[in-house]
Amino acid sequence: MKKSPIYGVLSTLLCTLQVAAQTFDDSTHLLSPIVVTGTGTSHYAETSPVAVSVIAVEDLKSVGATNLQDALSQLTTGITTQTNGMGTFVNFNGVSDNYILILENGQRISGDDRWDRISMDNIKRIEVFSGAASALYGSDAIAGVINIITTDNKEKVEASAYTKLLSKGRFSQDVNVDYKVRKFSGNTSFNHRQADNWQNNHYQEFEEGGNKVLKLTGRPMSVGYKSENISQRLNWKFNDKWNFHLRGNYYDYVTVRPKDATYFTQKSTKDSLGNKVYSYAPKKAYTYDLHHVSYDYGGGVEWKPSQKVQWQLDVHSDNFTSKYDYWQTSEEEAKEETRKRTRFVNEILKGVFQLTKHNQLSVGLDFVQEHLESETDNIDAENAYS
């Protein structure tokens with residue numbers, strides 16, 4: 001069985017999956033997918049020097065997951081999720097998601113909202129590298145790397161739309177459009193999500209003298225929210241040697257907390273006999289909403305002067321801002337306060353040379369700039385370069 005040739009330049013962390021099939025005795029045999037997450041260069045999954053598991057689109061459809069976290073927890077060993085009023089948090093082999101690196105087509109996604117910026121509608125496959133990859137990707141890849149490969153553009157215009165309405169005011173709308181005209185192709189996707197505040201019950205439990213005391217509370221178990229996400233990818237393949245691409249994403253997320261929600265604070269004092277006496281006082285649960293805004297953009301060029309030489313230049317910027325949107329302050333006026341603002345800029349120049357049939361040389365430059373500022377933590381501007 002012959003292996004299909006791979007056309008176009010392999011980017012640093014993005015590789016097009018091409019398989020060849022040949023029929024013998026009414027059975028079809030497919031080659032192993034090509035992965036790049038573990039080493040930064042292309043390998044067949046079965047011969048990769050590091051173990052990289054691949055989740056195919058058929059597997060994603062079989063579990064019926066509506067978001068990336070649920071899909072990974074059901075299909076990947078070692079990944080667990082936990083959901084509370086502030087969102088869903090992911091653990092990978094017991095390590096928090098602060099040390100899980102998420103890539104989309106080889107490009108790093110940063111910010112507190114990074115899980116929600118991935119649309120399930122145009123995922124082609126997911127490459128999961130379970131193990132510390134800090135030497136290749138940096139200190140934020142201690143738990144592992146998850147690389148999301150999006151769908152290929154079709155030979156024609158294809159559009160799809162999905163609407164889902166559930167209880168508790170949960171509503172989602174997804175629109176995905178793929179198009180290809182000669183040497184030009186692209187993808188546009190839009191996602192809307194929203195949910196109401198809700199509780200299992202209206203009580204908060206306290207301990208008082210060894211007994212359980214229930215107090216009425218209006219604080220929700222799950223906080224309502226609204227989010228919008230739009231992504232755009234464009235690609236121009238002039239010929240077998242030159243390929244250009246542009247991409248961008250915008251994401252807006254805001255909580256919709258109940259302004260009249262209350263909870264109780266518990267205090268203990270001692271009476272004249274030295275016994276503990278408990279008292280409870282109602283307090284406003286919230287005075288602000290959380291507002292996250294993310295946008296990223298980038299582009300690159302790929303050049304393949306011969307079958308044995310490939311060059312790639314790629315520039316990518318990911319920007320995230322988290323704010324406290326107060327509706328009541330001590331001055332009795334609404335205001336905004338920047339909780340955190342981050343910017344990640346990555347510039348990559350890479351060359352891959354096929355020296356012999358079994359020897360490949362990769363050389364290049366990888367420049368990273370990271371920026372952080374925060375009004376709440378009194379950080380004016382901190383920068384790091386690699």
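Keep in mind it's a predicted model, so treat the numbers as computed, not measured.
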Asker: Given side chains that start at C-beta, do those of Ser317 and Asn319 come closer than 4.5 Å, heavy atoms only?
Answerer: yes
Asker: Would you check if Lys237 and Asn235 make a side-chain contact, meaning some heavy-atom pair closer than 4.5 Å?
Answerer: yes
Asker: Please tell me if the side chains of Asn229 and Phe190 come closer than 4.5 Å, counting only heavy atoms from C-beta onward.
Answerer: no
Asker: Classify the side-chain pair Asp174/Asn176 by whether it contains a donor and acceptor separated by less than 3.5 Å.
Answerer: no
Asker: So, taking the atom named CG in Asp70 and the one named CG in Leu75, what distance separates them when rounded to the nearest 0.5 Å?
Answerer: 10.5 Å
Asker: Inspect the contact between Lys259 and Asp289 and indicate whether a charged nitrogen and a carboxylate oxygen are less than 4.0 angstrom apart.
Answerer: no
Asker: Inspect the contact between Lys226 and Asp196 and indicate whether a charged nitrogen and a carboxylate oxygen are less than 4.0 angstrom apart.
Answerer: no
Asker: For atom OH of Tyr280, is the number of surrounding heavy atoms from other residues, nucleotides or ligands below 6.0 Å larger than 12?
Answerer: yes
Asker: Ile100 versus Val90: any side-chain heavy-atom pair under 4.5 Å?
Answerer: yes
Asker: If we count only N and O atoms by modelled type, under 3.5 Å, do the side chains of Tyr324 and Thr287 hold a donor and an acceptor together?
Answerer: no
Asker: Is the centre of the Phe238 ring less than 6.0 Å from the centre of the Phe244 ring?
Answerer: yes
Asker: Considering residues, nucleotides and ligands other than Asn239, do more than 12 of their heavy atoms fall under 6.0 Å from its CG?
Answerer: yes
Asker: Is any side-chain heavy atom of Pro282 closer than 4.5 Å to a side-chain heavy atom of Phe264?
Answerer: yes
Asker: Got a second to check how far Tyr225's OH is from Leu290's CG, nearest 0.5 Å?
Answerer: 14.5 Å
Asker: Distance from Ile148 atom CD1 to Ile123 atom CD1, nearest 0.5 Å?
Answerer: 5.0 Å
Asker: Please report the shortest heavy-atom distance between Arg247 and His316, naming the atom on each side.
Answerer: NH2-CB, 3.5 Å
Asker: Are the aromatic ring centres of His292 and Phe320 under 6.0 angstrom apart?
Answerer: yes
Asker: Is any side-chain heavy atom of Tyr286 closer than 4.5 Å to one of Trp327?
Answerer: yes
Asker: CG/Leu361 to CG/Leu355 distance, rounded to the nearest 0.5 angstrom?
Answerer: 5.5 Å
Asker: Taking the side chain as everything from C-beta on, heavy atoms only, tell me whether His192 gets closer than 4.5 Å to Phe171.
Answerer: yes
Asker: Out of curiosity, Asn201 CG to Gln204 CD, how far, rounded to the nearest 0.5 Å?
Answerer: 10.5 Å
Asker: State, with a plain yes or no, whether a side-chain heavy atom of Leu372 is found less than 4.5 Å away from one of Lys340.
Answerer: yes
Asker: So for atom CD, which belongs to Gln266, do other residues, nucleotides or ligands contribute more than 12 heavy atoms lying within a distance under 6.0 Å?
Answerer: yes
Asker: Does the separation of the ring centres of Trp311 and Phe353 fall below 6.0 angstrom?
Answerer: yes
Asker: Please confirm whether Arg257 makes a cation-pi placement over Tyr288, using NZ or CZ under 6.0 Å from the six-membered ring centre and within 45° of the ring normal.
Answerer: yes
Asker: Side chains of His245 and Asp314: is there a donor and an acceptor less than 3.5 Å apart?
Answerer: yes
Asker: Is a salt bridge present between Arg339 and Glu337, judged by a nitrogen-to-oxygen distance below 4.0 Å?
Answerer: no
Asker: Go through it in stages, so that I can follow the logic: the residues are Glu302 and Lys304, the test is salt bridge (charged side-chain N to carboxylate O under 4.0 Å, His left out), and I'd like the CA-CA distance, side-chain angles, deciding distance and then a yes or no.
Answerer: CA-CA 7 Å; Glu302 299 166 356; Lys304 187 176 182 181; over 6 Å; no
Asker: Can you check side-chain contact (heavy atoms from CB on, under 4.5 Å) on Leu214 and Lys212, steps first, answer last?
Answerer: CA-CA 7 Å; Leu214 296 178; Lys212 293 182 179 180; 5.8 Å; no
Asker: Check the pair His371 / Gln369 against side chain to side chain donor-acceptor pair (under 3.5 Å), numbers first and verdict last.
Answerer: CA-CA 7 Å; His371 173 86; Gln369 176 189 354; 5.6 Å; no
Asker: Looking only at side-chain N and O atoms, does Gln360 offer a donor or acceptor that is under 3.5 Å from a partner on Gln354?
Answerer: yes
Asker: For the atom pair CD (Gln69) and CD1 (Ile118), what is the distance rounded to the nearest 0.5 Å?
Answerer: 10.0 Å
Asker: Run the side chain to side chain donor-acceptor pair (under 3.5 Å) test against Arg219 and tell me which residues pass, sequence neighbours left out.
Answerer: none
